[in-house]
**Student:** 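For reference, the structure I am asking about is given below.
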Amino acid sequence: MGCAGLPSLEGRPSSSALTDTQDTRLGRGVAPKVAAHPGKSGIYALPDPYNAYAARLVLAAAAEKSLDVQYYIWNGDETGYLLLGALWQAADRGVRVRLLLDDNGVAGLDEVLATVDAHPNIEVRLYNPFTIRSFRVLNYATDFSRLNHRMHNKSMTADNQAAIFGGRNIGNEYFAAGSGVWFRDLDALAVGPVVQEVSKAFDRYWNSDSAYPVAGLLPAPKPGAKDALLAKFKEVHAEPLSQTYIETLRKTELAREIEAGHVPFEWSSAELVVDDPAKTLDRSGRKDVLLLSQLFAAAGHTEHSFDLVSPYFVPGEEGTNEFVTAAARGLRIRVLTNSLEATDVGAVHAGYAKRRKDLLRAGVVLYELRPVESDDEKKRRVLGGSSGASLHAKTFALDGKRLFIGSFNFDQRSAELNTELGVLIDNRDLAQRLVEVFQNNVRTVAY
């Protein structure tokens with residue numbers, strides 16, 4: 001069913017992840033490793049922005065049958081067009097591409113998305129879309145309760161064999177491209193059973209009552225739109241920033257490991273936690289559709305330590321009480337979030353600041369990121385000229401043994417309004433890397 005002003009979903013085709021992908025290049029490549037680690041998934045952490053972008057280009061280039069791509073924000077900048085061009089090239093090879101984007105994060109790209117959707121092997125759907133396209137703020141006057149709920153999930157899956165999930169959207173600031181503020185963030189590349197779980201989650205969103213085919217939402221592409229888009233792909237690819245960036249990607253650690261035929265995956269039990277897309281339209285307050293409920297159940301009883309990185313940390317009264325109670329029973333709690341100088345959403349920081357004294361009195365250790373790059377980051381940044389760094393990673397370690405990587409912020413918006421996706425990984429080595437950030441590195445970058 002559709003909402004007021006939106007086209008009917010009657011007759012919308014449903015589709016699901018392809019399962020006959022074992023004989024693809026990716027399938028053949030991962031099969032021996034997966035077989036050698038029964039029940040485990042291979043996880044390769046992607047804290048480095050260049051590795052993270054290279055991984056996406058690698059999946060787009062390697063796919064032979066399918067690409068399922070889901071993001072909250074997709075910018076019309078260099079990294080946005082380079083990856084969109086890579087999806088187009090995959091479709092030209094015969095790969096089925098399903099692109100699901102939250103409509104709040106693609107303003108100004110209507111004509112581009114309509115043109116991409118017109119490719120015979122690409123289908124684009126917009127999640128919880130706006131009906132007034134030209135002046136979007138007007139939509140909130142008549143439909144605020146619906147539009148205030150957004151799809152914050154981020155994932156990219158190739159041939160149902162390899163997937164990327166985590167905190168990054170698609171845009172220059174997420175991949176240290178260009179000269180503006182960039183985000184310190186975290187993704188992971190995965191193979192093995194958790195990939196099929198990511199695919200199933202994608203299917204639920206793709207076929208949900210909030211996913212609208214752009215063919216029924218946007219005007220048909222104008223004559224010459226395809227040629228114009230292909231010219232845009234070439235133009236962006238030829239830009240000095242893009243060429244410098246592409247050359248940087250070729251030299252990444254991940255590129256060298258792929259060339260050598262050995263990506264050092266961490267083999268671990270991995271559990272997908274994801275909101276039900278019903279959360280977007282269901283106003284009944286059901287807890288069973290919420291990722292947070294799944295996360296608490298999956299995390300179980302944490303005994304010793306909880307190390308949290310969250311750019312938007314707004315625990316609210318209830319969450320603050322839970323942190324205070326946990327600290328009182330001896331749990332060591334350390335939190336890294338953005339300082340007021342580093343945050344890109346000042347109102348969020350205000351919500352956190354009023355809880356700060358209560359948390360500190362309870363013994364919770366708080367760190368606030370300073371908006372400056374380290375010397376190493378300044379040296380590595382493509383084209384330099386940074387105007388600072390901001391935290392965007394969403395991760396936490398439980399007892400130094402399990403690690404969560406995903407899109408979930410510890411705030412009311414993630415808990416109650418947005419949909420989120422992440423993976424809880426049972427791996428001491430991965431968890432300890434986050435613990436070491438707090439023990440050895442955090443004081444050099446945070447107050």
Side-chain angles (χ1 to χ4, degrees), residues 18 21 24-26 29 46 48-101 105-106 109 112-125 154-166 168-178 187 189 195 198 202 225-239 241-252 254-255 258-259 263 382:
L18 303 182
T21 59
T24 60
R25 180 169 40 163
L26 281 171
L46 296 167
D48 180 84
Y50 306 120
N51 273 347
Y53 195 75
R56 287 162 169 84
L57 292 182
V58 165
L59 290 196
E64 295 179 5
K65 289 194 174 183
S66 66
L67 283 165
D68 291 332
V69 184
Q70 180 180 23
Y71 282 99
Y72 171 59
I73 292 174
W74 195 295
N75 287 341
D77 55 17
E78 285 84 358
T79 57
Y81 271 106
L82 287 173
L83 188 54
L84 200 59
L87 299 184
W88 185 283
Q89 291 176 344
D92 278 348
R93 300 194 306 268
V95 176
R96 184 193 74 176
V97 178
R98 297 188 295 174
L99 180 58
L100 178 61
L101 301 173
V106 293
L109 291 180
V112 170
L113 295 177
T115 306
V116 169
D117 181 70
H119 192 295
N121 289 327
I122 304 178
E123 185 179 356
V124 183
R125 293 184 180 180
K154 304 125 168 62
S155 71
M156 178 175 178
T157 306
D159 289 340
N160 204 6
Q161 296 291 333
I164 297 168
F165 54 85
R168 289 183 177 94
N169 295 297
I170 305 302
N172 286 359
E173 60 267 38
Y174 300 96
F175 301 104
D187 295 317
L189 170 66
V195 176
V198 173
F202 181 92
K226 176 183 175 182
D227 291 339
L229 181 59
L230 294 179
K232 180 68 173 180
F233 288 152
K234 290 182 180 178
E235 174 191 336
V236 171
H237 192 275
E239 289 176 2
L241 168 60
S242 298
Q243 286 297 305
T244 305
Y245 194 73
I246 291 167
E247 185 59 31
T248 300
L249 298 181
R250 292 195 181 106
K251 299 174 182 176
T252 60
L254 179 61
I258 291 173
E259 187 176 352
V263 176
V382 175

**Student:** Evaluate the side-chain proximity of Ile170 to Val69: yes if any heavy-atom separation is below 4.5 Å, no if none is.
**Tutor:**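 They are not in side-chain contact.
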**Student:** Just verifying a value: how many Å separate Arg96 CZ and Asp159 CG, rounded to the nearest 0.5 Å?
**Tutor:**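 So the CZ of Arg96 and the CG of Asp159 are separated by 10.5 Å.
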**Student:** I'd like to know if the side chain of Gln70 reaches the main chain of Phe202, judged simply by a donor and an acceptor atom lying under 3.5 Å from each other, with no hydrogens or angles considered.
**Tutor:**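 Looks like no, no N/O pair under 3.5 Å.
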**Student:** With a cut-off of 3.5 Å and sequence neighbours excluded, list every side-chain donor-acceptor pair involving residues 115-123.
**Tutor:**
from, atom 1, to, atom 2, distance (Å)
Thr115, OG1, Glu111, O, 2.8
Asp117, OD1, Val124, N, 2.8
His119, ND1, Asn121, N, 3.0
His119, NE2, Asp92, OD1, 2.7
Asn121, ND2, Ala91, O, 2.9
Glu123, OE2, Arg125, NE, 2.9
Glu123, OE2, Arg125, NH2, 3.1

**Student:** Hey, are the side chains of Ile246 and Leu57 touching, using non-hydrogen atoms and a 4.5 Å cut-off?
**Tutor:**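 The answer is no, as the side chains (C-beta and beyond) never meet within the 4.5 Å cut-off.
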**Student:** Going by the rule side chain to side chain donor-acceptor pair (under 3.5 Å), which residues pair with Ser66 if we only count those two or more places apart in sequence or in a different chain?
**Tutor:**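 Checked Ser66 against side chain to side chain donor-acceptor pair (under 3.5 Å); zero matches.
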**Student:** Got a sec, which residues hit side chain to side chain donor-acceptor pair (under 3.5 Å) with Arg93, two or more places apart in sequence or on another chain?
**Tutor:**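 By the side chain to side chain donor-acceptor pair (under 3.5 Å) rule, Arg93 matches no residue at all.
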**Student:** Can you list every side chain to side chain donor-acceptor pair (under 3.5 Å) pair that touches residues 225-236, not counting sequence neighbours?
**Tutor:**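 Sorted pair list comes back empty.
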**Student:** Report yes or no: does Thr248 contribute a side-chain atom to a donor-acceptor pair with the main-chain N or O of Thr244 at less than 3.5 Å?
**Tutor:**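 Present.
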**Student:** For Thr79 versus Gly171, what's the shortest heavy-atom pair and its separation?
**Tutor:**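 For Thr79 and Gly171, the tightest heavy-atom pair comes out as OG1-C, 3.0 Å.
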**Student:** How many angstroms lie between CG in Leu189 and CD1 in Ile258, if you round to the nearest 0.5 Å?
**Tutor:**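 Between Leu189 CG and Ile258 CD1, I get 7.5 Å after rounding to 0.5 Å.
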**Student:** For a quick test of reading the model, state the closest non-hydrogen atom pair linking Ala60 to Ala90 and the distance between them.
**Tutor:**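 Scanning both residues, the minimum pair turns out to be O-CB, 3.7 Å.
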**Student:** Which heavy atom of Leu230 sits nearest a heavy atom of Trp88, and at what distance?
**Tutor:**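 Closest approach of Leu230 to Trp88: CD2-NE1, 3.4 Å.
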**Student:** Would you please indicate yes or no on a ring centroid separation below 6.0 angstrom for Tyr53 and Tyr245?
**Tutor:**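 They qualify: ring centres under 6.0 Å apart.
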**Student:** I'd like to check the side chain to side chain contact (heavy atoms under 4.5 Å, CB included) partners of Asn75; sequence neighbours left out, ordered by chain and number.
**Tutor:**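 Asn75 satisfies side chain to side chain contact (heavy atoms under 4.5 Å, CB included) with Ile73, Asp77, Glu173 only.
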**Student:** Please find the pair of heavy atoms, one from Ala163 and one from Val195, that lie closest to each other, and give the distance.
**Tutor:**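 Here Ala163 and Val195 meet closest at N-CG2, 4.0 Å.
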**Student:** Taking Thr252 for its side chain and Tyr50 for its backbone only, find out whether a donor-acceptor pair lies under 3.5 Å.
**Tutor:**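 Checking the backbone N and O of Tyr50 against the side chain of Thr252, no donor-acceptor pair under 3.5 Å is found.
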**Student:** Any non-hydrogen side-chain atom of Leu113 less than 4.5 Å from a side-chain atom of Leu101?
**Tutor:**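 Side-chain contact under 4.5 Å: yes.
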**Student:** What residues form a side chain to side chain donor-acceptor pair (under 3.5 Å) with Asp187, not counting sequence neighbours?
**Tutor:**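 Scan of Asp187 (side chain to side chain donor-acceptor pair (under 3.5 Å), adjacent residues dropped) gives Arg56, Arg168.
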**Student:** Which residues satisfy the ring-ring contact (aromatic ring centres under 6.0 Å, His included) test with Phe165, sequence neighbours excluded?
**Tutor:**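 Expected list: none.
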**Student:** Looking at Arg98 and Asp68, does any basic side-chain N land under 4.0 Å from a carboxylate oxygen?
**Tutor:**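 Salt bridge: yes.
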**Student:** Once you round to the nearest 0.5 Å, how far does CZ of Phe175 lie from CG of Leu82?
**Tutor:**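 The CZ atom of Phe175 sits 11.0 Å away from the CG atom of Leu82.
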**Student:** Does Thr21 have any side chain to side chain donor-acceptor pair (under 3.5 Å) partners at least two apart in sequence or in another chain, and if so, which?
**Tutor:**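 Partners of Thr21 by the side chain to side chain donor-acceptor pair (under 3.5 Å) criterion, ordered by chain and then number, come out as Gln161.
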**Student:** Between atom OH of Tyr71 and atom CG of Asn169, what is the distance when rounded to the nearest 0.5 Å?
**Tutor:**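 Here the interatomic distance stands at 8.5 Å.
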**Student:** Taking only residues two or more places apart in sequence or in another chain, which ones pass ring-ring contact (aromatic ring centres under 6.0 Å, His included) with Tyr81?
**Tutor:**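 Applying ring-ring contact (aromatic ring centres under 6.0 Å, His included) to Tyr81 gives none.
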**Student:** Could you report the tightest heavy-atom contact between Asn51 and Leu254, atom names first, then the distance?
**Tutor:**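 Taking every non-hydrogen atom into account, OD1-N, 3.1 Å.
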**Student:** List the residues meeting side chain to side chain contact (heavy atoms under 4.5 Å, CB included) with Ala158, not counting sequence neighbours, and say none if there are none.
**Tutor:**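 Ala158 satisfies side chain to side chain contact (heavy atoms under 4.5 Å, CB included) with Leu26, Leu59, Ala63, Leu67 once adjacent residues are dropped.
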**Student:** Grab the two heavy atoms, one from His237 and one from Ser242, that are nearest each other, plus how far apart they are.
**Tutor:**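 Closest approach of His237 to Ser242: O-CB, 3.7 Å.
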**Student:** Any chance you could measure Leu249, atom CG, to Lys251, atom NZ, to the nearest 0.5 Å?
**Tutor:**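 Output value for this atom pair is 11.0 Å.
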